[in-house]
K.L.:
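My structure is below; once you've seen it, I'll send some questions.
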Amino acid sequence: MIIALKPGVSKEDINQLIADLEILGVKVDSSQGSSQVVLGLVGDTTVINDDALRANRWVDRVIRVQEPYKRANRMFHPLDTVLEFKSDQKAAKIGGDFFAVIAGPCSVESRQQLVAVAESVKKSGAAFLRGGAFKPRTSPYSFQGMGCEGIDLLVEAKKETGLPIVTELMEISQLELFEDVDMIQVGARNMQNFNLLKELGKSKKPVLLKRGMASTMTELLMAAEYVMAGGNSQIVLCERGIRGFDNFTRNILDLAIIPALKKKTHLPVIVDPSHATGLSWMVPSMSKAAIAAGADGIIVEVHNDPEHALCDGEQSLMPEQFNDLMNVIRKYADIEGKVL
Ligand code: PEP
Ligand code: MN
């Protein structure tokens, strides 16, 4: 349930109303919108008498939210959430008017590989460096990532380039290794790992939450709600393709979920055209489509030697191709009124 208060309500009146509601056993979060204060009620709201609430002189509107997610709901938080990260240049931001490009290899493979890719994507204008250290692989015989050593190399690359780093966490026990990681990725395969989500809710780290390959939009938003319910609202949602019946691409890029999510939630939404298509030559067209559909950013795989990549070479752009893509993205982002 959401309660919009009238402009001009005093702090005392807000606190009194919150106290009256909390006596009934619901939890109340208040949020300052551009012109009014909005209260979001979580818990069993069936005990609340809507008519009595509407009679309160400071209550403007009472809305019964159909959706099961509240904190992620745009009705509760009308303004776009913008995440801000420290960077050696200007602060890197995602959401609102800010478009973010996250680029780097699928997996960290060596110091030489990571430094080469990190420097090139930085030069081309990427705002974040990605790279997997712990890799969720379908086969136990495939490269599983460099683990802790991979995290150390990412942190080194961050020191050298100044780019904030994004990498995947698969296991709660590894969270302490992510101290210097700027944004923790929850991969598609872990989108509904509720224990992991709850633990990230307690953390202060921004979370990049990827859509599960067979998850609905509501399930994605409920996964975000898990993290937010724990007190962490720094979340970026990512559409990375879902399973379909055709296999001409690795997954099916669900572009329609971008405007749908932007309508339902205030959280930033980015697109992963690399995992969505599995084909590097499709990445530029799908990146342009993502911007046109209203995305707040893209996450793209880039490798300096895709033919010999230990993971996802076929979908990885060469540094020169990524540079060309950035030149196109700048124009498209400009048309959409986004700041890169
Ligand atoms: C990745 O980003 O490298 C990855 C494994 O992504 P996803 O979880 O979307 O498959
Ligand atoms: Mn990959």
Side-chain angles (χ1 to χ4, degrees), residues 29-34 38 40 71-74 76-104 118 121-131 151 154-155 157-169 175 178-186 197 200-210 221 223-225 227-239 258 261-262 264-272 290-291 294-300 326 329-330 332-334 336-340:
D29 284 318
S30 82
S31 167
Q32 177 69 58
S34 56
V38 180
R71 291 175 168 89
N73 205 309
R74 195 181 272 284
F76 171 52
H77 188 292
L79 300 180
D80 288 331
T81 285
V82 179
L83 273 69
E84 196 169 333
F85 299 78
K86 277 201 205 104
S87 173
D88 70 336
Q89 294 159 351
K90 55 179 187 196
K93 294 184 187 171
I94 311 182
D97 291 337
F98 301 95
F99 190 86
V101 178
I102 305 171
V121 298
K122 179 183 177 173
K123 221 155 116 203
S124 300
F128 296 82
L129 174 66
R130 65 148 286 151
I151 302 274
L154 281 163
V155 174
K158 168 180 165 170
K159 281 191 191 129
E160 273 178 40
T161 58
L163 292 178
I165 51 178
V166 183
T167 193
E168 179 165 355
L169 172 72
L175 188 54
F178 284 61
E179 183 102 1
D180 296 321
V181 170
D182 298 278
M183 179 148 63
I184 297 179
Q185 177 171 323
V186 173
L197 299 174
L200 289 170
K202 291 185 224 155
S203 135
K204 296 274 169 290
K205 291 261 181 219
V207 174
L208 173 61
L209 182 61
K210 298 188 90 174
L221 288 165
E225 191 78 9
V227 180
M228 298 179 91
N232 184 358
S233 50
Q234 303 227 86
I235 303 168
V236 176
L237 303 172
C238 179
E239 161 59 28
I258 305 164
L261 279 171
K262 298 291 295 178
K264 296 280 183 196
T265 183
H266 52 90
L267 297 171
V269 180
I270 69 166
V271 168
D272 177 344
I291 302 173
D296 298 300
I298 51 169
I299 177 165
V300 178
M326 284 302 295
I329 283 175
R330 277 189 201 98
Y332 274 69
D334 195 42
E336 290 295 322
K338 294 269 196 182
V339 182
L340 215 73

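We use all heavy atoms of the structure for the numbers below, so side chains are in, but hydrogens, waters and symmetry mates are not. For clarity, every value in this text was computed on a predicted model and none was experimentally measured.
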K.L.:
When you measure from the side chain of Thr161 to the backbone N and O of Ala118, does any donor-acceptor pair fall under 3.5 Å?
P.N.:
no
K.L.:
Tell me if a side-chain donor or acceptor on Glu225 pairs with a main-chain N or O of Ala72 at a distance below 3.5 Å.
P.N.:
yes
K.L.:
So which heavy atom on Leu83 is nearest to which on Pro268, and how close?
P.N.:
CD1-CG, 4.0 Å
K.L.:
Quick check: closest heavy atoms across Cys238 and Asp272, and the distance to 0.1 Å?
P.N.:
SG-CB, 3.8 Å
K.L.:
Can you see which heavy atom on Ala92 is nearest to which on Phe128, and at what distance?
P.N.:
CB-CZ, 3.7 Å
K.L.:
Taking the side chain as every heavy atom from C-beta outward, state whether Ile235 and Leu208 have any atom pair closer than 4.5 Å.
P.N.:
no
K.L.:
In Å, rounded to the nearest 0.5 Å, how long is the span from CZ of Arg130 to CG of Leu154?
P.N.:
10.0 Å
K.L.:
With no hydrogens and no angle check, just 3.5 Å: does a side-chain donor-acceptor pair link Thr81 and His266?
P.N.:
yes
K.L.:
Which of these passes side-chain hydrogen bond (donor to acceptor under 3.5 Å, both in side chains) with Asp182: Lys86, Lys205, Lys158?
P.N.:
Lys158
K.L.:
Could you check if a side-chain atom of Ile94 sits within less than 4.5 angstrom of a side-chain atom of Phe85, using non-hydrogen atoms only?
P.N.:
yes
K.L.:
Is there a side-chain contact between Ile184 and Leu175, using heavy atoms and a 4.5 Å cut-off?
P.N.:
yes
K.L.:
More than 12 heavy atoms of other residues, nucleotides or ligands under 6.0 Å from NZ of Lys122: is that the case?
P.N.:
yes
K.L.:
Using a 4.5 Å cut-off on heavy atoms from C-beta on, say whether the side chain of Val186 contacts that of Leu169.
P.N.:
no
K.L.:
Atom CD1 in Ile298, atom CD1 in Ile291: separation rounded to 0.5 Å?
P.N.:
6.0 Å
K.L.:
Evaluate Thr167 against Phe178 for side chain to side chain contact (heavy atoms under 4.5 Å, CB included), listing each step before the verdict.
P.N.:
CA-CA 9 Å; Thr167 193; Phe178 284 61; 3.6 Å; yes
K.L.:
Could you list the residues that satisfy ring pair (Phe, Tyr, Trp, His ring centres under 6.0 Å) with Phe76, not counting sequence neighbours?
P.N.:
none
K.L.:
Out of curiosity, His77 NE2 to Ser31 OG, how far, rounded to the nearest 0.5 Å?
P.N.:
4.5 Å
K.L.:
Would you call Val269 and Lys262 a side-chain contact if the rule is heavy atoms closer than 4.5 Å?
P.N.:
yes
K.L.:
Do side-chain atoms of Asp97 reach the backbone of Lys338 as a donor and acceptor pair under 3.5 angstrom?
P.N.:
no
K.L.:
Rounded to the nearest 0.5 Å, what separation is found between the CG atom of Asn73 and the CG atom of Leu221?
P.N.:
8.5 Å
K.L.:
If you draw a 6.0 Å radius around CD in Gln32, do more than 12 non-hydrogen atoms from other residues or ligands fall strictly inside?
P.N.:
yes
